[in-house]
Amino acid sequence: MEQLDQSAQRDGSKEVVAVLEAVINRAGYGWGVRELAEELGASRSTVNRILSRLVEERLVSRDVSGAYIIGPRLKVLSAALQEGHPLFAEGTKILERLSRASGATALMAVESGNPEQCFVLASVEPDAPVRYTLPAGTNLPTHAGALGLAILTRRGTAGLPEELKKYTEASMDSRTRIENALQSYATVGAVVSIGQHIPDAAGLGVPFTVNDRLFGSLSLSRPRNEFKESDIEAGAELLSEAARKLESLLTERAGSRNKGQVLPEAESSALIQRIAAIIAMFCSEPMAELTLQDLSSLWRTRSVATRRLAESAREVGLMTTLDNGAWTAGPTLLRWSASLGSGHDLPQLVDEDLRGLSGQTGETTTLALYDADTEVAHIGRTIAGARNVRYVLEEGEEIPLTAGAAGKVILAHLPGHVSARIGKEAGVSEQELELIRSQGWAATDSERVPDAHGIAAPFFVNGIIRGSVTVTVPNHRAAGTPPTELTSAVVSTAHRLSRLLTVKSARLPAAHKGKPGELESERDAAFAASQ
């Protein structure tokens, strides 16, 4: 592998993406700095610097052993991309219908930016004892197997070497053979691959267009002994209809962008923060098409620097250019999201923050989650404090919105008609709710837990109330008004959760921003000094 340190002289994007790639590809366990440096052919100081900055952006985290692992922000962004991109949101439904209709494994692949590779974006397996299985995120050769060959029927063989790797006896080992095969596939209307990548598998594939410069494929794959030539025509028509439907959805959504969306401007001129900004942008608005002027606003750069950064991001697959000159999400982001998935447990995502608050205060910390559909809140996570006298609240327990700090701070930030109705029924005054909103936190004394003081602050996802963070303190340690340092620590943690979980650049409610000029680090330092 080319020494990553050499790329630092040009831009550094390649280095950053290579580190993220390695962390994502090792989802089961983490990397040490020395081990990762050896893997990437880079110096330890370079890798350590990148990892440290990625940790600051929460794209990478450290586990209990100190190893570097996938960070919560990357998981949040992956889930957002899957929710908003038609390939994931609607494509998976199309695969489900294909699998039910055919009894085969239905797969979707997209080219990776490397002419010799594509990757599995999604897969749906049939309810059968023997199945063809390829997990999402798996890299595949484009010259062997139905998924890759189908992409070549539309993209062509440009970039392929003349001599190709043979995976099985049936694999085609030259570009010339591939080109001849592509001509024959045209008469069938689909690619047929029997044992070309995996000896005991057979597949039927068709291409589709993601955008001007990016292509994908759909396939039906099954064990080789179940493949029948008589099924090719019907299977090809089934796949072609699905590909047309998918292309229609992609065309319909192309260039879409939330009208209220504000470009998530990079917080500084540091390269990693600019990379984080482009990742956040295209995960929150996967079908957005940005101009160079948009990118200049996003990165806070001038035109020459903007173009250089954009071209660098294109080289590593974070962005793709379209025929109209616009820039859109690249295949690397799609592949990362396919690998990471979307079913991430919210309490696990914020566990590090909750433990930090509990360790900082020594008190029991609770995460409450609110369900807008049922208008019910429950305890999602409890971290017991280190003090001798502490309160432990059961996870999963429903909590009232009208008693206790955890519920009331949620109630205060619900839509006006909802909070007014619920508050009126329980006798909670609008004046109390307004005070909570104006100060950004709630404090209650023995309303839910006898002899306990609760201090809670709300957290938001895309500007909508999602729950609260609460510290529960015995009354003898918080008599009367809770200390400013304690409320500041709770508010600071809630703010961190909002920033972590928000992907739409929505502005936080004014009451949630803290006092003007008051930084998190200043509040944390003040609290630490008081202990």
Side-chain angles (χ1 to χ4, degrees), residues 55-56 58 61-66 69 71-73 344-370 377-397 399 404-410 440-460 466-479 481-501 512 514 519-531:
V55 168
E56 292 175 4
R58 312 203 69 180
S61 289
R62 304 190 73 174
D63 63 17
V64 292
S65 69
I69 59 174
R73 182 64 176 168
H344 307 298
D345 183 58
L346 192 152
Q348 289 184 353
L349 292 174
V350 302
D351 191 70
E352 179 182 343
D353 299 282
L354 300 179
R355 291 188 179 280
L357 179 59
S358 182
Q360 183 183 7
T361 62
E363 308 291 357
T364 296
T365 298
T366 303
L367 175 77
L369 300 176
Y370 174 70
H378 71 276
I379 296 175
R381 188 80 168 97
T382 295
I383 306 294
R387 309 271 189 162
N388 291 331
V389 178
R390 61 191 183 189
Y391 296 96
V392 180
L393 305 175
E394 293 297 325
E395 295 179 5
E397 176 186 347
I399 63 171
K408 282 186 173 180
V409 82
I410 294 173
W441 50 272
T444 58
D445 186 355
S446 304
E447 287 193 3
R448 286 194 59 243
V449 181
D451 300 320
H453 214 94
I455 302 99
F459 71 91
F460 304 83
R466 184 65 178 88
S468 63
V469 177
T470 306
V471 164
T472 306
V473 188
N475 277 349
H476 71 270
R477 290 205 294 268
T481 303
T484 300
E485 296 84 0
L486 188 58
T487 58
S488 293
V490 175
V491 170
S492 174
T493 299
H495 197 173
R496 279 175 59 83
L497 265 55
S498 296
R499 288 193 300 174
L500 170 65
L501 300 172
H512 190 60
L519 301 176
E520 286 184 27
S521 59
E522 293 172 349
R523 294 197 293 267
D524 294 346
F527 184 75
S530 70
Q531 299 305 294

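The OG atom of S468 sits 10.5 Å away from the CZ atom of F460 when rounded to the nearest 0.5 Å. For the atom pair CD1 (I455) and OG1 (T361), the distance works out to 9.0 Å, reported to the nearest 0.5 Å. Rounding to the nearest 0.5 Å places OG of S492 at 13.0 Å from CD of E485. The CZ atom of R355 sits 8.0 Å away from atom OG of S358, with the distance rounded to the nearest 0.5 Å. Taking CG from L349 and CG from L501, the interatomic distance works out to 6.5 Å, rounded to the nearest 0.5 Å. Note that CG of L354 is 10.5 Å distant from CZ of R496, once rounded to the nearest 0.5 Å.
The closest side-chain heavy-atom distance from R62 to I69 is not below 4.5 Å. Between V471 and L486 the shortest side-chain heavy-atom distance falls below 4.5 Å. A heavy-atom distance below 4.5 Å is not found between the side chains of T470 and L367. Considering only heavy atoms from C-beta on, V350 stays 4.5 Å or farther from E352 through its side chain. Between H378 and E397, every side-chain heavy-atom pair lies at or beyond the 4.5 Å cut-off.
In this structure, P347 and L369 approach most closely via the heavy-atom pair CG-CD1, 4.2 Å. For the pair L357 and A489, the tightest heavy-atom approach, listed with the atom from each and the gap, is CD1-O, 3.6 Å. Of all non-hydrogen atoms in A368 and I410, the two that sit nearest each other are CB-CD1, 4.3 Å. The two atoms that bring P72 and S61 nearest to each other are CD-OG, 3.1 Å, heavy atoms only. Shortest non-hydrogen contact noted between G440 and P458 is O-CD, 3.5 Å. Annotation for A494 and F459: closest pair O-CB, 3.6 Å, computed over non-hydrogen atoms.
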Practice problem: Show the numbers, then the answer: is there a side chain to side chain contact (heavy atoms under 4.5 Å, CB included) between I383 and T364? | Solution: CA-CA 6 Å; I383 306 294; T364 296; over 6 Å; no
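A salt bridge links D353 to R58: one of the charged nitrogens lies within less than 4.0 Å of a carboxylate oxygen.
Residue R381 is tested with D351, D345, T366 for a side-chain hydrogen bond (donor to acceptor under 3.5 Å, both in side chains); the sole match is D351.
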